Every structure is written in structure tokens, then in C-alpha cells.
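Within every chain, numbering begins at 1; the chains are lettered A, B, ... in the order of the sequence lines, protein sequences first and strands thereafter. What you see is a predicted model, and the numbers here were worked out from it, not measured in a lab.
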Amino acid sequence: MREQLQKLLQEATANVLLAEGATAPEDFSVVVVPSKTPDHGDFACSAPLGLAKVLKAPPLAIAQRIVDQLQDPDGILRKVEVVKPGFINLFLVADQWHAVLKRVLEEGENYGCSVAAQPERVMVEFVSANPTGPLTIGHGRNAILGDVIARLLEVTGHEPVREYYFNNAGRQMRVLGESLQARYEQALGRDAALPEDGYQGEYLVEIARAIAEEHGENWLEGDEDRFKKAAETAIFADIRATLDRLGIVFDVYYNENTLYEEGRVEAALEDLRAAGLVYEDDGAVWLRSKNFGLERDRVLVKSSGEATYLLPDIAYHREKFRRKFDRVIDLLGPDHIEQFPYVKAATGALGIDVERMELVVYQWVNLRSGGELVKMSTRKASFVTVDEVLDDVGPDVFRYFMIDRRADTHLDFDLDLAKERSDRNPVYKIQYAHARLCSIIRKAQDQGLTLPLASAFPYARLESPEEAELVKRMGRFPEILQRAAAQREPQEVTRYLMELATMFHTYVTDAQRHRVLSEDEELSRARLGLVSAVRTTLANGLRMLGITAPERM
RNA sequence: GCGCCCGUAGCUCAGUUGGAUAGAGUGUCAGCUUGCGGAGCUGAAAGUCGCAGGUUCGAAUCCUGCCGGGCGCGCCA
């Protein structure tokens, strides 16, 4: 609907420009946006203000000329207003909104979904935590953001693939194995110290205890590698269990080691070398990243012969595109933001269109408990796990809190607030609206009241401004989802749902003016249709965020 | 020192890419119960949009410089 109007305005504007022999400024475009207040109509356009300079005329006059040129072949406009500085306000014919209601009722649980103009196969790589410990609340933000972005891509007509990349070799894992070994010996009552930079988390104590119970002292001698293996197995099982609780299912777990086994790391290095982008110095192999305008050159292969993380990362990103993805999205914390350009530039040098490589950075999660901020580090034991928080708040609240803020701002997760199962918790307000809607619908069924067919729907009975506003707001849902998906900003959806829920609560509270179920059967059926549509929209929105929509609370 | 992110109501944050009177939640205060679920609703108070300049019809949004917070700047991952 907005697009339709925008097109009409664009044509009218083009005609005005043509008549003047003028061309629009480069970054100019005719945009129609929903009006903020009903006084300003249903939609508004500020294009005349942007054309004042090129046309050398007052914006008001330009607005009038555009309006004069405006065609309305389908008769969707009731009124067009030219106002103060140079805005054009558009008022729709009332039954335009009937189409919205009709659409919601017809599409049901598919309402909001759309078809992409250019469907893309998108890899969303997220979490990607190495199996060195349980998922922390920071990983939790990554996990929920990634999952919801994938869900949003799905409902806007794209094909996301969720991938988890991990590394179970190298120094980190060796230290982990040694830490477990120490814990094991401690479990047997022996005096053993953790390695200097060992992992201090309680979880290793538990794993060690299990090993001690099962194998007694048999592991004191022999293959030390098995501690690493045991740690990895146990921790990965733990991580998967946590993801399961969050309702996240990965399509692919990709082991960095595969890149070595398939020779892709070697190949990447050779191709970079062939492109003249590497050199040797101090016995190490360096990437000429300064050639890409980056700060400094970086090491690809250490003098020890081991690759740094950078080289496999480059190979990995090339591998992603080899698997025929149109787009690749990485979710990373702020500590990785500096490194991404190097991966991107080098991957680009290998012939990949880097415009299709995208980074979503999220800022750290500060956990607040009793007014105190908890600093988190996996190595030190001072972190809070996703599981601990889930025990207190459940997945719905957790998901909501993690996406209700833009990814690139710091997130203060107030544990005390999240724990509160009360009206202070915004997610309940939306869920409560849904439960309340279900209650009304149940009651209608008990009374034998049926939903009218879309073709014979008494739309005209919905006369109040509140009803019109509700329908209008529902009409924006598909566009909100498209925006949220395209911008990778899920908070647009939570905000929207909050608004819609509040509008409904306001509407239904004023039972004097618009009680849904009344003596007037036709009116009741019309309002039942309205209310059902609101329920559908809320339920769909929540589902798209992975949050449940309870029928009773 | 250099690079990236951020600074908006007491608190936590939005702000449709430069548009009309800067909005929500929460907190505070005052109200709403013979009423489809009060986990709700109505109203009020609360802002020099970090500071100072600049760009133009118009700036929370863009450019510059400061101030303050976070993160990064290894042959660590």
C-alpha cells in the first residue's frame, strides 16, 4: 500500500521535474512514510522540500504542482493535503484498510511473510564458541541474534543456513586438557595444580569427578590426549543442550580441521602467494595487508610453522562461497571487529565479491545483579552461563531481552528484573495481550459466534478511530519484518509488537465504547474478526522471534 | 598514541537513513473494580538529544574538534 502510493508520488514528481527540464539531486528519492499523527493523514511525503533548490521555487508551490500531477486511477485517495513547510499528506479511502484486515484473516499464520524480490541463500554463522566451556551470557546474545536474523530472513523469502564454526585443536584446547587432568587428579585426592593459565571453571571439576567415578585411577597413566577429548565431548554436549533449551538448531557444525584435511588452508596460502600478497620475514609468513590500505601486515604462518587463526579464517570464508551462498553473515563480538577487515580483504583478493560478506557486531552484555556489574571471562571462573540465567527466567524472557536492543549498543542485562515474573517485564505484556485475545475468542466460540467469511465481512461496522488505527498498525507488519530482516535489526519487531499489544489493551479496556461481544451480532462478528486478526499478528510476530504465544497465562 | 562502537527523560533504550510538537518501557505522582483476563488502562511531572562550532529551507541524525565510557591494536584464539 505504501509502495503503491510511493509509486504514484514518484510519477507525479517525475512529471513536474520533466516539465521544468530539471533533474533531481543525486541522493534524492521520493519516499512516502506512514504519518505520525492522524492529523497528518495516513501517509506523508516530504519530497517537495528536497526539490526546492533544483526547482528554484518555494516548497509549498512545488508540493501543489506535484499534487496537480498526481494520478489516482484506483481511487484509493480520499484527500490530499499540501501543508506548511511543504509536506504532502495523503488520506486513504476508508475501505483501503478493509483489504488489510481481509489479508490478515486470509493469510493466517503466514501473515507477515513475504517473497523477496531477489531471494538469497544466506549463511548465518554464529555462536562459533570453541568447546572450552559452557556458553556464557555473551554467547547467548550472539546465539539469539543469529537465530532471529535467520528466522527473519526466512519469513522474508530468503533461505538461511545456520552454521557453527569451531576449532578443537591448538593451544587453547591443550590447556583445557591439562586443566581437566589436574582436576581429575584432584578428584582422586591428589595434590595437583592447574596450569598457569588454566581454566578455572567449576564445570571441569564436575567432568573430572565423572571420569574419576567411571575410570578410577586408570587414567593416571597413559594417553594424555584423552583428557582433551573427554573435555571436548562433555563440553560440546553441554553447549548443544543449552542451544536446545534456547530453541536453536544449527544446520551445520563446521570443524576448522576440515579446512586442513581438505587442503583448503594450504590452497589459500598458495593462492595468496601467487597473487604476490605474502612475504617471509623472521621465518614467518606475512600477509601484505597494507596493500589493501589496512593498518599493518599480519602473520599468516608463525615461524614455528603453525598457522595463525587468520589463515584458516580466510580459507573458511572462501569455502563458504564455494558452497554457493549468495551472502554470508558473521556475528562477532567487538573484540573481533578489528580482524574482520583483514579476513575480508584477503578473501576478496582470492576473487570473492566481498560486498556479499557481512559483519554484524554486537557489543558486550553487562550482567547486573543487585546493582553490581559482573565482568566476564571464560578463563577466569567469573562468568554467568546461559543455563544459569535460563533456570531463572526461561527462554522467552531471555530471547526478548537479548534482541530488544540494537546489537551495537551495550546491553545491560538486569538479572533481578529479568527474574521478576511481573508486569515490569515487557515480554509478559505482549504475551498477556495474546492470552487475553484468546480468552475473548474462546468466549465467542462458547456463544456460537462465528467468524464471518472474508467475502461477506461487515467491515463497515468497524467505525471507531481506535479500530482504524489497529488495522493500520497491523498493515505495517510485513514491512516491519522486511526492514528488520534487511537491516539485521530484530528490535524493530519487539518494538512493533509492544505497540500493537498496547493498542489492543487500550482498545479492549474501553469496553463502554467497543465491547467485542454484544447484543448486536453483526457488530460482534466484525469485532471478532478484528480481534482475531490482532491475535494472529501478535502470534506470528512472537513466533518469528522464537517466543511462545501462550493461550492462557 | 592509533582504530572501531557508543553518549537521547531518574534508570534501560527507540527514533523509519536529513523532516512536522524528540518517543516507548520502567520508576515517581494522581486516578480507573458490579465491565470480553487489573500481568491492564487514563492522566501528570520528567529533555540545553555529552560540549562547541559547521553544512541548509530544516540536524538527535551529516562534517570537524574537544569531553566521557566500552572494545581492540602480539609469530594469543
Q.
Mind checking if A/N130 touches a base, just sugar-phosphate, or nothing, with heavy atoms under 4.0 Å?
A. sugar-phosphate
Q. Quick one: does A/L9's side chain get under 4.5 Å of A/I88's, heavy atoms only?
A. yes
Q: Select base, sugar-phosphate, or nothing to describe what A/A44 touches, counting heavy atoms under 4.0 Å on all strands.
A: base
Q.
Regarding A/S303, tell me which of base, sugar-phosphate or nothing describes its non-hydrogen contacts under 4.0 Å with the strands shown.
A. base
(Q) Using the side-chain heavy atoms of A/V516, tell me which of these nucleotides is nearest: B/C36, B/G37, B/A20. (A) B/C36
**Q.** Distance below 4.0 Å between A/K56 side-chain N/O and B/C57 OP1 or OP2
**A.** no
Q: Indicate, with a heavy-atom threshold strictly under 4.0 Å, whether A/G333 touches base, sugar-phosphate, or nothing.
A: nothing
Q) Which part of the nucleic acid, if any, lies within reach of A/A284 when heavy atoms closer than 4.0 Å are counted: base, sugar-phosphate only, or nothing? A) base
Q) Choosing from B/G37, B/A14, B/G72, which nucleotide comes nearest the side chain of A/D335? A) B/G72
(Q) Hydrogens and angles aside, do A/T136 and A/H139 bring a side-chain donor and acceptor to less than 3.5 Å of each other? (A) yes
Q) Of all the choices, B/C36, B/A14, B/G69, which nucleotide is nearest to the side chain of A/H410 once you look at every atom? A) B/G69
Q.
Does A/N168 reach a base, just sugar-phosphate, or nothing at all? Heavy atoms under 4.0 Å.
A. nothing
Q: Give a yes/no on whether any side-chain N or O of A/Y428 is located under 4.0 angstrom from OP1 or OP2 of B/A39.
A: no
Q. What is the nucleic acid contact for A/H514, judged by heavy atoms within less than 4.0 Å: base, sugar-phosphate only, or nothing?
A. base
Q. Do A/Q363 and A/D408 get their side chains close enough for a donor-acceptor pair, meaning under 3.5 Å?
A. no
Q.
What I want to check is whether the side chains of A/D313 and A/Y342 have a donor and an acceptor closer together than 3.5 Å.
A. no
Q: Mind checking A/L517 for me? I need base, sugar-phosphate or nothing, with any heavy atom below 4.0 Å counting as a touch.
A: base
Q. Which nucleotide, in any strand shown, forms a Watson-Crick or G-U wobble pair with B/U17, with both distances under 3.5 Å?
A. none
Q.
If you only use heavy atoms from C-beta on, which nucleotide in B/G40, B/G72, B/G19 is closest to the side chain of A/L49?
A. B/G19
Q | Which residue lies more 5' along RNA chain B, comparing A/D297 with A/T502 via nearest heavy atoms | A | A/T502
Q) Counting any heavy atom closer than 4.0 Å, what does A/E551 reach on the DNA or RNA strands: base, sugar-phosphate only, or nothing? A) base
Q: Using a 4.0 Å heavy-atom cut-off across all strands, classify A/D282 as base, sugar-phosphate, or nothing.
A: base
**Q.** Quiz item: A/N89 side-chain donor-acceptor pair to B/A20 base, under 3.5 Å
**A.** yes
Q. What nucleotide, of B/A77, B/G38, B/G74, holds the atom closest to the side chain of A/H336?
A. B/A77
Q: Please state how far atom CG in A/L449 lies from atom P in B/C36, giving the value in whole angstrom units.
A: 17 Å
Q. Which nucleotide in the list B/C76, B/C41, B/G72 gets nearest to the side chain of A/T506?
A. B/C41
(Q) With a 4.0 Å cutoff (strictly under), does any side-chain N or O of A/T409 reach OP1 or OP2 of B/A14? (A) yes
Q: Give A/R296 one of three labels, base, sugar-phosphate or nothing, depending on what nucleic acid heavy atoms sit under 4.0 Å from its own.
A: sugar-phosphate
Q: Would you mind classifying the nucleic acid contact of A/V301 as base, sugar-phosphate or nothing, using non-hydrogen atoms under 4.0 angstrom?
A: nothing
Q: Establish, with yes or no, whether the OP1 or OP2 oxygen of B/A24 is under 4.0 angstrom from a side-chain nitrogen or oxygen of A/K429.
A: no
(Q) With a cut-off of less than 4.0 Å, is there a side-chain N or O of A/K36 near OP1 or OP2 of B/A20? (A) yes
Q. Using a cut-off of 4.0 Å on non-hydrogen atoms, how would the nucleic acid contact of A/R527 be classed: base, sugar-phosphate, or nothing?
A. nothing
**Q.** Selected nucleotide, minimal atom distance to A/M498 side chain, candidates B/C36, B/A20, B/A24
**A.** B/A24
Q. Nearest to the side chain of A/S439 - B/C75, B/C36, B/U16?
A. B/C36
Q.
If you compare every side-chain N and O of A/Q491 against the phosphate oxygens of B/G15 (OP1, OP2), does one of them come in below 4.0 Å?
A. yes
Q: Please figure out whether A/R436 or A/D281 has its closest RNA chain B nucleotide nearer the 5' end.
A: A/R436
Q: Establish whether the base of B/G35 is bridged to the side chain of A/Q512 by a donor-acceptor pair shorter than 3.5 Å.
A: yes
Q.
So that I know where these two stand, are A/Y507 and A/H514 an aromatic pair - ring centroids less than 6.0 Å apart?
A. yes
(Q) The side chain of A/R406 is closest to which nucleotide in this list: B/G40, B/G15, B/C13? (A) B/G15
Q. So what does A/A433 touch, heavy atoms closer than 4.0 Å: a base, only the sugar-phosphate, or nothing?
A. nothing
Q. Side chain of A/D412: nearest nucleotide among B/U17, B/C75, B/C13?
A. B/C13
Q: Say whether A/T494 and A/Q491, considering side chains only, have a donor N or O and an acceptor N or O under 3.5 Å apart.
A: no
Q. Does atom CD of A/E551 have more than 12 heavy-atom neighbours, drawn from other residues, nucleotides or ligands, at distances under 6.0 Å?
A. no
